[in-house]
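Below is one structure; the comments refer to it alone.
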Amino acid sequence: MRFQVPKGTSDILPDEQPYWRFFESRASETAASFGYGRIDTPMFEDAQLFVRGVGEVTDIIESETYTFEDRGGDLITLRPEGTAPVCRAYLEHGMHNLPQPVRLYYFSTNFRYERPQAGRYRQHHQMGIEVFGDGDASIDAEVIEVGWRVLDSVGIRDKILGLNSIGDTECRPGYVEELRSYYRPRVDDICRDCRRRLDQNPLRLLDCKQASCQPVTAGAPRSADYLCTACREHWEALLGYLRDVELPYRIDHRLVRGFDYYTRTVFEIVPPDEGSQSTMVGGGRYDGLIEELGGAPTPGIGFGMGVERAILNVKRQGVQLPTNSRTKVALAHVGEAARLRAARLASCLRMAGTPAMLAPRRSLRSQMRYASSQSATHAVIIGDEEMGRGVVVLRDLDRGEQREVALADLETVLRGSEA
RNA sequence: GUGAGCGUGGCCAAGUGGUUAAGGCGCCAGGUUGUGGCCCUGGAGAUCGAGGGUUCAAAUCCCUUCGCUCACCCCA
């Protein structure tokens, strides 16, 4: 085999498409029902946007972006995540002058240079939302609810919402120090990765999966216990809002997120069964990000939802996709003249709004088999004899009945069969 | 970046040293005069991922390489 898809990417074949279109339409409808407007941003951006936005020392920026110089010498990065570009657009188009809050949703293709595995790809798709200009906890609850409802809308009933607050610039430094001093005397009891995390990314110590580290992490100080007054009030208000809309949450003191920009609320929605790369929704508040990108201090919050992962769960839960029972006609023909007529007729039917396809130039039997295989609802059969009389045979493939129809009446009859 | 498993026709898959590499799905053609879905018959399609080695003999053993998958890391 000469060519194949690049590592970590995949083709989405026709059989797979219904899942994608189902997801996209349901997710869009759900976001719109909360008042969100769609935004699309380019697939690549100035490399600096992500360095400033995601954080210089995160793995994503250090080793996972597709970054290259274009022909004009500009440093370009293929979008690795959805939030920074939307923030850029918010600022660039003066959306801070719109009535706040501004609610946006998007579908994006993201790129990260990683070793692929189940649920993790080099090119992956995300649906996400962002809300700017409102720091109230009710917005946190709303954003979380949108994520939850989107999953509901595609039939994913079994899911768990994990929730935590990691504080803000006011209280987090103190907490991180607390965390460090808890771990330092215990370095001999933790794994090698954790020793590295202790220096580089202490929050990550909390979600280590190594069995040997579990006793240590279990006793570690919890960020929610070290919140400043403002953060604690926000946190408690959020929990109240969630209870009001009856979203079952699970406070997870070990939940931290990978991007530097998160403040206060972080959350994720995961399927109940244990899996490695299974997080369907991950998000949080990022009140400092807009400022970091050159705007006025503006609160923001959002989430990213992995479409591949969501669809995986749609399949796992055996969700029945809505079927479209729309009329679809295959035109079979016997003889060259009839083939020409069939082709013209197919064109007319399509113009009139009825999907129609020409059967291949083979035996009639074979053409009928083809019609079945394409799940046509009707076959139109044209031969010399019909041509002479200005009629066609119209066969209902589901019922197995057929009759002659005058050429002039065909469109009307087919339209009548839409029921 | 680290570790493990696997690579046989479009797909699934038997075969673990020895004549022309099973089978199923799918595909194509037939099953009388112009008709589908089931069934029957026939057909096309594989240098057994690639390269090298061991052997009288390798898809089967060894080495190298490429690819895929899974896990760690990280994350959607």
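Just so it is clear, the model here is predicted, and its values are computed rather than measured. In the text below, chain A, chain B and the rest are named by the order of the sequence lines, each starting its count at 1.
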Close N or O pairs between protein and nucleotides 1-4 of chain B (under 3.5 Å):
| residue | atom | partner | partner atom | Å |
| --- | --- | --- | --- | --- |
| B/U2 | O4 | A/Arg115 | NH1 | 2.9 |
| B/U2 | O4 | A/Arg115 | NH2 | 3.3 |
| B/G3 | O6 | A/Arg115 | NH2 | 3.3 |

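Counting only residues at least two apart or on different chains, the ring pair (Phe, Tyr, Trp, His ring centres under 6.0 Å) pairs with a member in residues 276-295 of chain A are A/Tyr261-A/Tyr286. Counting only residues at least two apart or on different chains, the ring pair (Phe, Tyr, Trp, His ring centres under 6.0 Å) pairs with a member in residues 16-40 of chain A are A/Trp20-A/His125. For residues 138-182 of chain A, every residue pair satisfying the ring pair (Phe, Tyr, Trp, His ring centres under 6.0 Å) rule, not counting sequence neighbours, is listed here: A/Tyr175-A/Tyr226.
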Dot-bracket pairing map - RNA chain B, Watson-Crick plus G-U, both contacts under 3.5 Å, | cross-strand
((((((((.[[[..)..(....]]].(((((.......))))).....[[[[[..)....]]]]])))))))....

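Under 3.5 Å, the side chain of A/Arg362 and the base of B/A29 form no donor-acceptor pair of N or O atoms.
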Letter by letter from the 5' end, nucleotides 32-42 of chain B scores (B base, S sugar-phosphate only, - none; protein heavy atoms under 4.0 Å) --BBBB-B---

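Annotation: B/G53 and B/G45 have their C1' atoms spaced 31 Å apart (nearest Å). Using atom P as the reference point in both B/C68 and B/C12, the two lie 15 Å apart (nearest Å).
Annotation: salt bridge (charged side-chain N to carboxylate O under 4.0 Å, His left out) contacts of A/Arg285 (sequence neighbours excluded): A/Asp140, A/Asp287. Under the side chain to side chain contact (heavy atoms under 4.5 Å, CB included) criterion, A/Tyr113 pairs with A/Tyr66, A/Arg122, not counting sequence neighbours.
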Which atom pairs, one a donor and one an acceptor, fall under 3.5 Å between side chains of residues 339-349 of chain A and the rest of the protein, sequence neighbours left out?
| residue | atom | partner | partner atom | Å |
| --- | --- | --- | --- | --- |
| A/Arg339 | NH1 | A/His333 | NE2 | 3.3 |

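The stretch residues 6-44 of chain A touches RNA chain B through A/Lys7, each having a heavy atom under 4.0 angstrom from the strand. At a non-hydrogen distance threshold of 4.0 Å, A/Gly304, A/Gly306, A/Arg309 from residues 301-314 of chain A come into contact with RNA chain B. Contacts between residues 139-147 of chain A and RNA chain B, defined by a heavy-atom separation under 4.0 Å, are absent.
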